[in-house]
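Quick notes on the structure that follows.
In what follows, every chain begins at residue 1, and chains take the letters A, B, ... in the order their sequences are listed. No hydrogens, no waters, no symmetry mates; every other heavy atom, side chains included, goes into these values.
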Number of protein chains: 2
Amino acid sequence: MPDRDGYPTIDEMELGEIFAALADPHRRQVVFALAREPQGGERSCSSFDLPVTKATRTHHFRVLREAGLIRQRDIGNGRMNKLRREELNRRFPGLLELLLAEKD
Amino acid sequence: MPDRDGYPTIDEMELGEIFAALADPHRRQVVFALAREPQGGERSCSSFDLPVTKATRTHHFRVLREAGLIRQRDIGNGRMNKLRREELNRRFPGLLELLLAEKD
DNA sequence: TAACAGGTACGAAAACTATCATACCTGACA
DNA sequence: TGTCAGGTATGATAGTTTTCGTACCTGTTA
């Protein structure tokens with residue numbers, strides 16, 4: 001079962017879901033940006049330059065969260081996002097490097 | 001432009017397409033099996049135990065081919081499939097290891 | 001308090017995907 | 001030659017995904 005906060009645990013993360021989440025260019029852009037943040041770096045949902053409405057943005061962040069890629073935390077009236085870096089490196093070693101190697 | 005045979009060249013391979021291709025469990029099963037073959041190993045389309053009709057099977061192999069994951073070669077009245085291992089390792093180092101680490 | 005900005009929830013439309021049935025083509029082989 | 005097995009092409013259907021508009025909630029700030 002998921003975390004008490006609704007996040008998948010490491011063991012619940014599925015490669016299929018991760019790949020599906022990362023197949024979308026907007027979501028890949030978000031994860032790419034988060035992966036370049038310094039350790040523990042966070043960014044608000046609105047700080048990513050996604051060319052979609054905020055309803056759609058909410059949708060994409062949900063997909064990322066449910067796949068296990070990010071953690072979200074409410075702060076003020078915004079929501080901060082952090083890559084689940086340690087856990088991802090443990091569960092899917094090489095995944096983030098793969099993403100970071102992508103040249104835009 | 002693609003290869004003269006319709007395959008994407010290394011530079012044309014796109015991470016998004018690769019991820020989309022590998023998001024499907026049937027296709028992941030095929031690539032997983034091919035990745036465990038010895039170097040240069042080939043297998044016919046029908047040798048994978050996919051619980052779908054042959055029309056659907058054709059569809060999945062097309063997706064894998066167009067993403068750049070496999071090469072196909074006609075032999076007799078069948079079609080053999082080979083992982084584009086070298087090229088994938090060059091273009092997306094770590095990808096195949098990621099797949100092979102998946103525990104079923 | 002009122003206005004605003006960041007997010008979510010819900011419902012709908014459009015696009016895409018997986019699947020199948022059917023018809024067809026092509027080698028192998030009896 | 002005829003039959004069969006492996007594949008492809010096409011068209012249909014069901015399900016999923018992306019997207020948006022709208023309504024709404026909640027902190028912040030003037």
Side-chain angles (χ1 to χ4, degrees), chain A residues 2-3 5-8 14-34 41-83, chain B residues 2-3 5-8 14-34 41-83:
Chain A
D3 247 0
D5 298 312
Y7 292 90
E14 288 181 18
L15 197 52
E17 240 184 304
I18 296 276
F19 281 157
L22 294 175
D24 183 278
H26 296 143
R27 293 192 293 258
R28 211 159 55 247
Q29 176 187 332
V30 168
V31 176
F32 185 84
L34 286 176
E42 289 183 313
R43 287 185 49 180
S44 74
C45 294
S46 59
S47 74
F48 300 91
D49 209 32
L50 298 174
V52 293
T53 65
K54 55 186 184 167
T56 302
R57 204 168 55 201
T58 294
H59 159 70
H60 286 306
F61 279 98
R62 186 214 310 262
V63 173
L64 291 175
R65 172 171 21 96
E66 293 184 346
L69 285 157
I70 63 171
R71 280 199 195 274
Q72 297 187 296
R73 160 173 96 91
D74 284 355
I75 183 165
N77 69 352
R79 185 165 269 204
M80 298 300 277
N81 302 276
K82 184 166 57 165
L83 190 62
Chain B
D3 247 0
D5 297 313
Y7 292 90
E14 288 182 15
L15 198 52
E17 242 185 302
I18 295 276
F19 281 157
L22 294 174
D24 182 279
H26 296 144
R27 292 194 292 258
R28 212 160 54 246
Q29 175 187 334
V30 167
V31 175
F32 185 85
L34 286 175
E42 289 184 313
R43 286 184 51 178
S44 75
C45 293
S46 59
S47 73
F48 300 91
D49 209 32
L50 297 174
V52 293
T53 65
K54 55 185 186 169
T56 302
R57 204 168 55 201
T58 294
H59 160 69
H60 286 306
F61 279 98
R62 186 216 308 265
V63 173
L64 291 175
R65 170 169 25 92
E66 293 184 345
L69 285 156
I70 62 171
R71 279 200 195 275
Q72 298 187 294
R73 160 173 96 93
D74 285 353
I75 183 165
N77 68 354
R79 183 164 269 204
M80 299 300 277
N81 303 276
K82 185 166 57 163
L83 191 63

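Among residues two or more places apart in sequence or in another chain, the side-chain hydrogen bond (donor to acceptor under 3.5 Å, both in side chains) test is passed with B:Ser44 by B:Ser46. Evaluation of the side-chain contact (heavy atoms from CB on, under 4.5 Å) rule for A:Thr56 yields A:Val52, A:Thr53, A:His60 as partners, not counting sequence neighbours.
Of the residues in residues 52-62 of chain B, those lying under 4.0 Å from DNA chain C by heavy-atom distance are B:Val52, B:Thr53, B:Ala55, B:Thr56, B:His59, B:His60. Near DNA chain D, meaning a heavy atom under 4.0 Å away, there are no residues from residues 20-30 of chain B.
Judged by distance alone, the side chain of B:Tyr7 and the main-chain N or O of B:Ala67 form no donor-acceptor pair under 3.5 Å.
Scanning all heavy atoms of the two residues, the minimum distance from B:Met80 to B:Ile75 falls at CG-CG2, 3.1 Å. Taking all atoms of both residues into account, the shortest heavy-atom contact from A:Ile70 to A:Asn81 is CD1-OD1, 3.6 Å. When every heavy atom of A:Leu69 is checked against every heavy atom of A:Leu83, the shortest pair comes out as O-CD1, 3.4 Å.
A nucleotide of DNA chain D counts as in contact with chain B when one of its atoms lies under 4.0 Å from a heavy atom; the first and last such, 5' to 3', are D:dA5 to D:dA9. Note that the first and last nucleotides of DNA chain C, 5' to 3', having any atom under 4.0 angstrom from a heavy atom of chain B are C:dA18 to C:dA28.
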All N/O donor-acceptor pairs, side-chain side in residues 14-26 of chain B, below 3.5 Å, sequence neighbours left out:
{"unit_1": "B:Asp24", "atom_1": "OD1", "unit_2": "B:His26", "atom_2": "N", "d": "2.7"}
{"unit_1": "B:Asp24", "atom_1": "OD1", "unit_2": "B:Arg27", "atom_2": "N", "d": "3.1"}

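Annotation: of the two residues near DNA chain C, A:Gln72 and A:Asn77, the 5′-most nearest-nucleotide partner is A:Asn77.
Two residues are said to be in side-chain contact when any heavy atoms from C-beta on lie closer than 4.5 Å; A:Gln29 and A:Leu50 meet this criterion.
Here B:Phe61 and B:Phe48 bring their ring centres to under 6.0 angstrom of each other.
Residue pairs meeting the salt bridge (Lys or Arg N to Asp or Glu O under 4.0 Å) criterion with at least one partner in residues 42-70 of chain B, sequence neighbours excluded, are B:Glu42-B:Arg73.
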